[in-house]
Amino acid sequence: MMRPRRAYAGTDLERLFADCLTHLACRAAELGMPISTDSPLLVNLTRPPRQAAMREGTVRHRTAALRKKGIAPAAWTSHWFRHSHATALLPAGTPEWVVSRRLGHAHVQTTLDLYGWVRADGASRAAANWKSYISAWQVTDGR
């Protein structure tokens with residue numbers, strides 16, 4: 001049984017992810033291929049069929065190569081993409097059913113069980129910043 005854990009992404013990782021998505025969108029535009037929220041993230045960019053989802057073995061091979069070169073952490077797997085993608089979509093306001101569908105979960109509840117903490121954690125962080133919400137309020141001494 002897996003225990004839930006929090007994994008926060010820093011701005012450098014968020015920027016890398018945004019750059020990756022931008023690159024994919026630009027390549028798709030160059031090829032005249034539409035992309036949507038249902039489009040795969042790990043796609044063939046250099047050989048046919050372009051913009052098609054990479055095979056699982058190819059992704060595993062490439063992540064292993066990155067680990068071997070010391071570019072990725074020793075325990076890093078391609079499954080991290082899945083987790084980071086879900087934890088980026090939910091705080092951005094993507095509906096749970098869309099994330100569930102994108103991850104291929106049979107039930108939205110599966111997505112909520114695995115990633116529901118992301119939204120709950122965001123709400124907790126917002127509540128912790130309550131002073132910033134009331135700082136603009138005018139305070140009077142009752143006179």
Inset, instruction - Quick one: list whatever passes side-chain hydrogen bond (donor to acceptor under 3.5 Å, both in side chains) with His79, sequence neighbours left out. - result: His83
Legend entry - Sequence neighbours excluded - salt bridge (Lys or Arg N to Asp or Glu O under 4.0 Å) pairs with any residue from residues 16-25: Arg15-Asp19
Legend entry - Set of residues satisfying side chain to side chain contact (heavy atoms under 4.5 Å, CB included) with respect to Val108, sequence neighbours excluded: Glu96, Trp97, Ser100, Leu112
Legend entry - Over 12 foreign heavy atoms within 6.0 Å of CZ, Arg50: yes
Legend entry - For the student: nearest non-hydrogen atoms of Ser39 and Ile35, plus distance: OG-CA, 3.3 Å
Legend entry - Remaining members of hydrophobic cluster (4.5 Å side-chain criterion), Leu31: Met33
Inset, instruction - Taking side-chain hydrogen bond (donor to acceptor under 3.5 Å, both in side chains) as the test, write out the residues that go with Gln51, two or more places apart. - result: none
Legend entry - Pairs satisfying salt bridge (Lys or Arg N to Asp or Glu O under 4.0 Å), at least one member in residues 79-90, at least two apart: none
Just distance, no hydrogens or angles: give the donor-acceptor pairs under 3.5 Å from side chains in residues 61-73, sequence neighbours left out.
from  : atom 1 : to    : atom 2 : distance (Å)
Thr63 : OG1    : Val59 : O      : 3.1
Thr63 : OG1    : Arg60 : O      : 3.0
Arg67 : NH1    : Trp76 : O      : 2.7

Inset, instruction - Could you list the residues that satisfy side chain to side chain contact (heavy atoms under 4.5 Å, CB included) with Thr22, not counting sequence neighbours? - result: Cys26
Legend entry - With Arg27 via salt bridge (charged side-chain N to carboxylate O under 4.0 Å, His left out) - residues at least two apart: Glu30
Legend entry - By side chain to side chain contact (heavy atoms under 4.5 Å, CB included) - contacts of Ala52 (at least two apart): Asn44, Pro49
Legend entry - Qualifying residues under side chain to side chain contact (heavy atoms under 4.5 Å, CB included), relative to Pro40, sequence neighbours excluded: Val43, Ala53
Inset, instruction - First locate atom OH of Tyr115, then atom CG of Leu103, and finally report the distance between them rounded to the nearest 0.5 Å. - result: 5.5 Å
Inset, instruction - For His23, enumerate each residue passing the ring-ring contact (aromatic ring centres under 6.0 Å, His included) test, keeping only those at least two apart in sequence or located in another chain. - result: none
